[in-house]
Amino acid sequence: MDNKDIPTCPFCEQLEKFKQTEAEYMEMRRGQSGKATARYKSALIHELYYDGYCCGSTAYYTEKMNYCPVCGIKLKAGNTDG
């Protein structure tokens, strides 16, 4: 599937913002001890509500994210580290 002509969805835009912020952080840490890494995964999210208020959430079955869960575009290799 050729993804060039498909408009970016809100999820893809947010993922790119996270990656950009992360790259800036990694650049700031360059030369410091330790190594920071990030992984992006998909998950089944369970939220519990009581009288309309969220009182808890849990992520189940985290898996490597190969496709955007909103628009279905295949993510490029290296886009995630799941």
Side-chain angles (χ1 to χ4, degrees):
M1 175 198 279
D2 186 4
N3 300 332
K4 288 184 237 171
D5 300 324
I6 300 173
T8 306
C9 78
F11 185 92
C12 290
E13 288 176 2
Q14 187 64 54
L15 180 60
E16 288 305 313
K17 286 178 186 176
F18 277 125
K19 290 181 194 176
Q20 186 176 29
T21 300
E22 193 175 274
E24 292 167 4
Y25 175 75
M26 299 293 187
E27 183 63 29
M28 287 184 341
R29 284 193 48 88
R30 202 161 34 136
Q32 295 180 6
S33 63
K35 180 181 178 186
T37 59
R39 293 189 175 148
Y40 297 96
K41 296 184 173 193
S42 62
L44 170 64
I45 305 295
H46 170 258
E47 294 180 336
L48 182 61
Y49 289 84
Y50 181 76
D51 286 339
Y53 295 98
C54 184
C55 57
S57 66
T58 306
Y60 296 96
Y61 309 111
T62 58
E63 298 290 336
K64 183 176 181 180
M65 193 164 45
N66 297 318
Y67 294 86
C68 172
V70 175
C71 69
I73 289 177
K74 181 170 175 51
L75 300 173
K76 297 177 203 163
N79 260 9
T80 62
D81 190 18

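Please read all numbers here as calculations on a predicted model, not as lab measurements.
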Chemist: Got a second to check how far M28's CE is from M26's CE, nearest 0.5 Å?
Modeler: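 It comes to 10.5 Å.
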Chemist: Could you pull out the closest heavy-atom pair between E63 and K41, with the gap in Å?
Modeler: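 Residues E63 and K41, closest heavy atoms: O-CB, 3.2 Å.
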Chemist: List the residues meeting side chain to side chain contact (heavy atoms under 4.5 Å, CB included) with A23, not counting sequence neighbours, and say none if there are none.
Modeler: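 Side chain to side chain contact (heavy atoms under 4.5 Å, CB included) list for A23, sorted by chain: empty.
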Chemist: Going by the rule side-chain hydrogen bond (donor to acceptor under 3.5 Å, both in side chains), which residues pair with E22 if we only count those two or more places apart in sequence or in a different chain?
Modeler: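 Partners of E22 by the side-chain hydrogen bond (donor to acceptor under 3.5 Å, both in side chains) criterion, ordered by chain and then number, come out as Y40.
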Chemist: Take atom CZ of F11 as the centre, draw a 6.0 Å sphere, and report whether it contains more than 12 heavy atoms from other residues, nucleotides or ligands.
Modeler: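 Yes, CZ of F11 has more than 12 neighbouring heavy atoms, counting only those of other groups under 6.0 Å.
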Chemist: Is any side-chain heavy atom of C12 closer than 4.5 Å to a side-chain heavy atom of C68?
Modeler: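 SC-SC contact between C12 and C68 confirmed.
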Chemist: What residues form a side chain to side chain contact (heavy atoms under 4.5 Å, CB included) with P10, not counting sequence neighbours?
Modeler: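 Result, side chain to side chain contact (heavy atoms under 4.5 Å, CB included) vs P10: none returned.
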Chemist: What is the distance from atom NZ of K17 to atom CD of Q14, rounded to the nearest 0.5 Å?
Modeler: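 K17 atom NZ to Q14 atom CD measures 5.5 Å (nearest 0.5 Å).
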Chemist: Taking only residues two or more places apart in sequence or in another chain, which ones pass side-chain hydrogen bond (donor to acceptor under 3.5 Å, both in side chains) with Q20?
Modeler: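 side-chain hydrogen bond (donor to acceptor under 3.5 Å, both in side chains) check on Q20 returns nothing, list empty.
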Chemist: Sequence neighbours excluded and cut-off under 3.5 Å, please list the side-chain donor-acceptor pairs for residues 46-54, or say none.
Modeler:
| unit_1 | atom_1 | unit_2 | atom_2 | d |
| --- | --- | --- | --- | --- |
| E47 | OE1 | Y49 | OH | 2.5 |

Chemist: Checking one residue: Y61. Which other hydrophobic residues are in its cluster under the side-chain 4.5 Å linking rule?
Modeler: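 Hydrophobic cluster check, Y61: joined to L44, Y60.
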Chemist: Taking all heavy atoms of L75 and all of M65, pick out the closest pair and write down the distance.
Modeler: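 Nearest heavy atoms, L75 then M65: CD1-O, 3.6 Å.
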